[in-house]
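Numbering of ligands and ligand atoms starts at 1, following listing order.
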Amino acid sequence: MKILSGPLSMFGAKAEIAAAEKGIAYEREFVPFSLATMYEPKHPDVVRINPKAQVPVLIDDDLEIFDSTQIFEYLEEIKPSPALWPGDAKSRARARLLELRSDEDFFPNCVTLMPAQWEVAGEEGLARAHAAIARYYDEMESLLADTEYLAGALSYADIAFFMASFFAAFLGAPWKPGHARLDAWRSGLMTRDAFKSAADERVAYLEANGIKAPAL
Ligand SMILES: N[C@@H](CCC(=O)N[C@@H](CS)C(=O)NCC(=O)O)C(=O)O
């Protein structure tokens with residue numbers, strides 16, 4: 001199995017963490033990426049497999065798929081244990097919704113904080129993104145009052161929000177000191193090899209490129 005990812009790809013890191021948590025052996029290939037040229041030139045397999053030409057892409061013999069959430073579903077099918085979706089239907093639906101919201105509700109606000117977007121967003125847009133991120137952190141902080149992980153046991157929802165909040169932090173939106181449960185949640189995840197190595201690698205890439213990485 002091969003995962004095409006990127007040295008600063010948060011969606012690629014999701015796929016890498018999930019495969020590692022499951023104990024699935026895979027070869028990782030980073031596509032061309034630099035802070036100056038971003039994902040250009042595109043990797044030919046990425047262009048061929050994903051109409052959006054984005055990573056991650058997973059190749060497993062004759063299977064070629066893309067999108068981090070689709071990759072989660074495939075990994076869960078081929079190696080159900082350890083489970084990364086909860087066992088009962090309602091808990092699983094909640095976990096899936098949290099995973100989707102991390103990508104589609106929380107992360108777009110982080111994209112607004114990227115320097116290339118500042119002019120497009122304007123001051124008001126940036127303020128709106130910061131406020132939305134802060135509200136989301138507050139919501140996750142409350143959720144963690146009753147549970148160690150976002151959806152009960154460790155799940156794909158944790159993987160998604162761990163990486164999304166990592167990106168928010170280095171883009172200038174870390175959570176505030178009042179978010180003690182989020183701190184404990186992230187520290188707990190950082191004791192797991194899969195999470196730690198994905199985060200450490202991204203920190204090393206940022207630092208090698210002169211960008212201050214979030215404190216983990
Ligand atoms: N929904 C997709 C998003 C993938 C995505 O945005 N990938 C980024 C890297 S993190 C990418 O390849 N960007 C390059 C581009 O859009 O040209 C997923 O979950 O995999």
Side-chain angles (χ1 to χ4, degrees), residues 1-22 24 26 28-60 63-78 84-85 95-117 120-121 129 133 136 150-151 155-173 194-195 197-206 209 211 213-214:
M1 180 185 293
K2 186 197 266 191
I3 295 176
L4 291 165
S5 182
L8 213 50
S9 167
M10 97 105 196
F11 292 99
K14 283 175 61 186
E16 293 170 34
I17 293 172
E21 275 292 337
K22 290 235 162 236
I24 295 172
Y26 67 97
R28 183 192 61 190
E29 184 180 335
F30 278 159
V31 299
F33 176 87
S34 82
L35 291 170
T37 58
M38 303 300 280
Y39 288 90
E40 299 293 342
K42 299 275 185 182
H43 190 290
D45 285 344
V46 172
V47 173
R48 182 174 54 78
I49 295 166
N50 183 350
K52 288 180 150 181
Q54 293 178 326
V55 288
V57 158
L58 178 146
I59 303 172
D60 192 15
L63 177 77
E64 300 179 325
I65 58 171
F66 60 89
D67 190 278
S68 55
T69 308
Q70 295 298 312
I71 292 172
F72 283 172
E73 297 297 345
Y74 177 64
L75 298 178
E76 196 65 15
E77 290 281 334
I78 59 169
L84 287 173
W85 287 130
R96 285 195 163 117
L97 192 62
L98 281 167
E99 196 271 337
L100 173 110
R101 284 189 57 206
S102 180
D103 286 8
E104 306 285 339
D105 177 11
F106 178 81
F107 192 67
N109 292 301
C110 307
V111 173
T112 304
L113 303 187
M114 290 178 182
Q117 299 295 318
V120 185
I133 289 171
Y136 200 91
L150 295 177
S155 79
Y156 295 109
D158 299 294
I159 298 175
F161 189 55
F162 175 84
M163 283 316 305
S165 58
F166 172 89
F167 272 76
F170 93 75
L171 289 167
F195 286 79
S197 71
D200 284 351
E201 275 190 301
R202 269 81 191 170
V203 166
Y205 186 89
L206 288 171
N209 285 279
I211 298 175

Options Lys42, Met38, His43, ranked by nearest heavy atom to atom 17 (O) of ligand 1, top entry: Lys42

Any side-chain donor near an acceptor of the partner, Glu16 and Ser5, under 3.5 Å: yes

Minimal non-hydrogen separation, Val46 against Ala53, with atom names: CG1-C, 3.4 Å

NZ or CZ of Arg28 within 45° of Phe30 ring axis and under 6.0 Å: yes

From CG (Leu58) to CG (Asp60), nearest 0.5 Å: 6.0 Å

Nearest heavy-atom neighbours spanning His43 and Asp45: ND1-N, 3.0 Å

Sub-4.0 Å atoms of ligand 1 with respect to non-hydrogen atoms of Met10: 10 (S)

Gly12 touching ligand 1 at heavy-atom level, < 4.0 angstrom: no

Atom indices of ligand 1 within 4.0 angstrom of Ser68 heavy atoms, with elements: 18 (C), 19 (O), 20 (O)

Contact check: Asp67 vs ligand 1, nitrogen or oxygen atoms, below 3.5 angstrom: yes

Distance (rounded to the nearest 0.5 Å) between Leu75 CG and Tyr26 OH: 10.0 Å

Shortest reach to atom 7 (N) of ligand 1 by a heavy atom, considering only Val46, Val55, Asp103, Val57: Val55

Closest approach of any protein heavy atom to atom 9 (C) of ligand 1, naming residue and atom: Tyr39 OH, 3.3 Å

Identity and separation of the nearest protein heavy atom to atom 16 (O) of ligand 1: Gln54 NE2, 3.0 Å

For atom 10 (S) of ligand 1, the protein heavy atom that lies nearest, with its residue and separation: Ser9 OG, 3.1 Å

Contacts of type salt bridge (charged side-chain N to carboxylate O under 4.0 Å, His left out), residue Asp103, not counting sequence neighbours: Lys14

